[in-house]
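Note sheet for the following structure.
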Amino acid sequence: MILMNLKVNNFYEFNNFDINFSYPKKIKDSTIPYEYLEEKPNFRFKRVNIIMGANATGKTIFGQTLYNIFRFLIDKDTKHLTKMIDNLQMEANFEIDLVLSDLNLYRVKCIIENEEIKTLTIEKSTITKKNSYEDCCKKFKIYANIDKIKKGDRRLKLFLTLESIEDLFTGILFAFPGEIVDKNYNIKILNLILKTFDPSIKEVVESLEVEDTYHIVFKTGKTVIVQDGEILKNSLSKGTEEGIEIANIIDNIRKNRGLYFIDEKISYVHSELEIEILNQMINLMDSKSQLFFTTHNTDILEMNLPIHSFTFFKKEEKIEAVYPESIYKRNDRSIINAVKNDVFNTIPKTDLLYELEEVCYESEQ
């Protein structure tokens, strides 16, 4: 499954939000291979998507919105949508474009009113060898359509039980801060990651007596137990804790073809480690997989990635996505200086902090 476009309105803090994951021109000798459908090379998509922006600009809730839309499509339960509605007195809607396993483009459109689905439509566009994403958007045809769906309506289940929709969650992975991805680990990968993150670790061994239990053994002889994904009597650093989840994410990427959304999962480690982990994720991806990776680490901007791999979120009157390739047409430009000079208007505003000294002084009087 490949995400090509998402439009949402009145979900969380998103109002008339639109984000796109196609790009207009194939790059010669790109460091990211297969950013197009192998069978249909004019259909281009961004395989690697680094999402950056200041705090509270919508990076995490973008992932949560995407996750809940997918859950709705697979569970056939409107609760996944209604819990996201910001203003219950207003209409909420989404429109999502996806390439599914049959290598055709689908558009799902949904309008919600009074916490019930007003209309739900699936459109299909056949991708030919010469078609780009933009070409396909011009020739959508109705695939299925129903309206006035109330809670528990059996038509919703029948409507979404379509072959292409059913395979939607093949290999999909969403990893948010503080959430356990899996309870079972690849012991070899876990050893490599944790011993890199913390050189004082001697080895990680799997318990022979207790299922889903692992012993992190330090060179000092101390042992920390991980059971059912939870660290017992935790004495690990935050970075080492993250390493446990990173090991699972890498194992999932290695085994599956799909879509991966990794949200701030490597925020407590050295910048170079985050860059190398991201490199490993990219190298392990299948040609039809897609990675979304949110971070605050500006050193990642110096990685040898196409400019279109980066998307910036900013929030003024509303949340918006900013694409650096729309400003810098050539791919041989480093964008780190542009970010530092706030060309994309995405650096946090610190003006109010200048008043702190004055406020603190007044409080002492």
Side-chain angles (χ1 to χ4, degrees), residues 1-6 19-52 63 66 70 96-107 124-137 164 167-175 189 246 249-262 275-295 300-311 321 323-326 328-333 335:
M1 181 189 64
I2 298 162
L3 174 65
M4 296 304 302
N5 201 84
L6 177 67
I19 188 166
N20 185 266
F21 298 102
S22 66
Y23 66 97
K25 186 178 180 182
K26 187 177 176 182
I27 297 171
K28 186 179 180 181
D29 301 322
S30 174
T31 55
I32 306 295
Y34 301 113
E35 285 205 294
Y36 52 87
L37 295 181
E38 292 177 68
E39 301 85 348
K40 301 163 184 184
N42 286 329
F43 195 96
R44 295 176 290 275
F45 68 96
K46 300 177 183 179
R47 284 185 65 217
V48 176
N49 299 276
I50 313 300
I51 299 175
M52 306 182 79
L66 193 59
F70 288 164
I96 189 167
D97 291 358
L98 301 164
V99 176
L100 299 183
S101 60
D102 62 356
L103 297 186
N104 286 307
L105 182 65
Y106 291 84
R107 174 171 287 173
K124 178 181 177 181
S125 181
T126 302
I127 306 172
T128 69
K129 284 189 175 181
K130 294 184 178 180
N131 282 158
S132 66
Y133 165 71
E134 291 74 19
D135 294 333
C136 290
C137 287
S164 293
D167 81 346
L168 191 62
F169 270 75
T170 304
I172 200 166
L173 174 71
F174 282 80
I189 293 175
I246 292 302
I249 291 167
I250 286 177
D251 192 32
N252 272 275
I253 293 174
R254 175 187 68 86
K255 292 187 296 187
N256 300 309
R257 170 197 294 179
L259 180 147
Y260 316 105
F261 192 99
I262 316 301
I275 289 171
E276 186 52 39
I277 290 294
L278 177 55
N279 266 322
Q280 292 297 327
M281 290 179 179
I282 293 170
N283 292 338
L284 289 168
M285 287 170 57
D286 179 90
S287 62
K288 290 186 177 68
S289 292
Q290 197 174 24
L291 175 66
F292 299 84
F293 187 92
T294 74
T295 182
I300 284 177
L301 293 165
E302 296 190 290
M303 291 176 67
N304 189 20
L305 297 173
I307 288 178
H308 66 239
S309 296
F310 300 95
T311 301
Y323 312 103
E325 71 268 24
S326 65
Y328 295 98
K329 302 299 182 183
R330 294 175 59 184
N331 197 57
D332 59 356
R333 305 286 181 89
I335 60 173

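Not counting sequence neighbours, N252 has no partner by the side-chain hydrogen bond (donor to acceptor under 3.5 Å, both in side chains) test. Partners of Y36 according to the ring-ring contact (aromatic ring centres under 6.0 Å, His included) rule, which considers only residues two or more places apart in sequence or in another chain, do not exist here. Qualifying side-chain hydrogen bond (donor to acceptor under 3.5 Å, both in side chains) partners for K40, counting only residues two or more places apart in sequence or in other chains: none. When the side-chain hydrogen bond (donor to acceptor under 3.5 Å, both in side chains) test is applied to N279, no partner is found at least two apart in sequence or on another chain. In this structure, the ring-ring contact (aromatic ring centres under 6.0 Å, His included) partners of F21, at least two apart in sequence or on a different chain, are F292. Take S125 and apply the side-chain hydrogen bond (donor to acceptor under 3.5 Å, both in side chains) test, not counting sequence neighbours, and it matches no residue.
Using a 4.5 Å heavy-atom cutoff, the side chains of V99 and Y133 are not in contact. Between L103 and F43, every side-chain heavy-atom pair lies at or beyond the 4.5 Å cut-off. In this structure, the side chains of I32 and P306 come closer than 4.5 Å at one or more pairs of heavy atoms. At least one side-chain heavy atom of M52 sits less than 4.5 Å from a side-chain heavy atom of L301. Looking at I300 and I275, their side chains come closer than 4.5 Å, going by heavy atoms from C-beta outward. No side-chain heavy atom of N5 sits under 4.5 Å from any side-chain heavy atom of I96. Using a 4.5 Å heavy-atom cutoff, the side chains of L278 and L291 are in contact. K46 places a side-chain heavy atom less than 4.5 Å from the side chain of E325.
Taken to the nearest 0.5 Å, the OG atom of S22 stands 10.5 Å off from the CG atom of L3. Here K130 contributes atom NZ and D135 contributes atom CG; the two are 11.0 Å apart, rounded to the nearest 0.5 Å. In this structure, CD1 in I250 is found 10.5 Å from CG in N283, a value given to the nearest 0.5 Å. To the nearest 0.5 Å, the span separating NZ on K124 from CG on D102 amounts to 5.5 Å. Rounded to the nearest 0.5 Å, atoms CG (N49) and CG (L305) are 10.5 Å apart. Separating the CG atom in N42 from the OG1 atom in T128 is a distance of 8.0 Å, to the nearest 0.5 Å.
Of all heavy-atom pairs between F174 and L259, the closest is CZ-CD2, 4.1 Å. For M281 against I249, the heavy-atom pair with the smallest separation is CE-CG2, 3.8 Å. Scanning all heavy atoms of the two residues, the minimum distance from N256 to S289 falls at O-OG, 4.1 Å. Of all the heavy atoms in R44 and Y23, the pair that sits closest is NE-O, 3.1 Å. Between I50 and T295, the shortest heavy-atom distance links the atoms CG2-CG2, 3.9 Å.
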Inset, instruction - Might you work through the side-chain contact (heavy atoms from CB on, under 4.5 Å) test for F70 and L98, ending with a clear yes or no? - result: CA-CA 11 Å; F70 288 164; L98 301 164; 4.1 Å; yes
Inset, instruction - Any chance you could lay out the side-chain contact (heavy atoms from CB on, under 4.5 Å) test for E38 and K288, step after step, and finish with the verdict? - result: CA-CA 9 Å; E38 292 177 68; K288 290 186 177 68; 4.1 Å; yes
Legend entry - Full working for side-chain contact (heavy atoms from CB on, under 4.5 Å) between C137 and R107: CA-CA 9 Å; C137 287; R107 174 171 287 173; 3.7 Å; yes
Inset, instruction - Given side-chain contact (heavy atoms from CB on, under 4.5 Å), test I172 with F261 step by step and report yes or no. - result: CA-CA 8 Å; I172 200 166; F261 192 99; over 6 Å; no
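A donor-acceptor pair shorter than 3.5 Å cannot be found between the side chains of Y323 and N20.
For the pair R47 (side chain) and E35 (backbone), a donor-acceptor distance under 3.5 Å is absent. The backbone N or O of N304 sits less than 3.5 Å from a side-chain atom of T31, completing a donor-acceptor pair.
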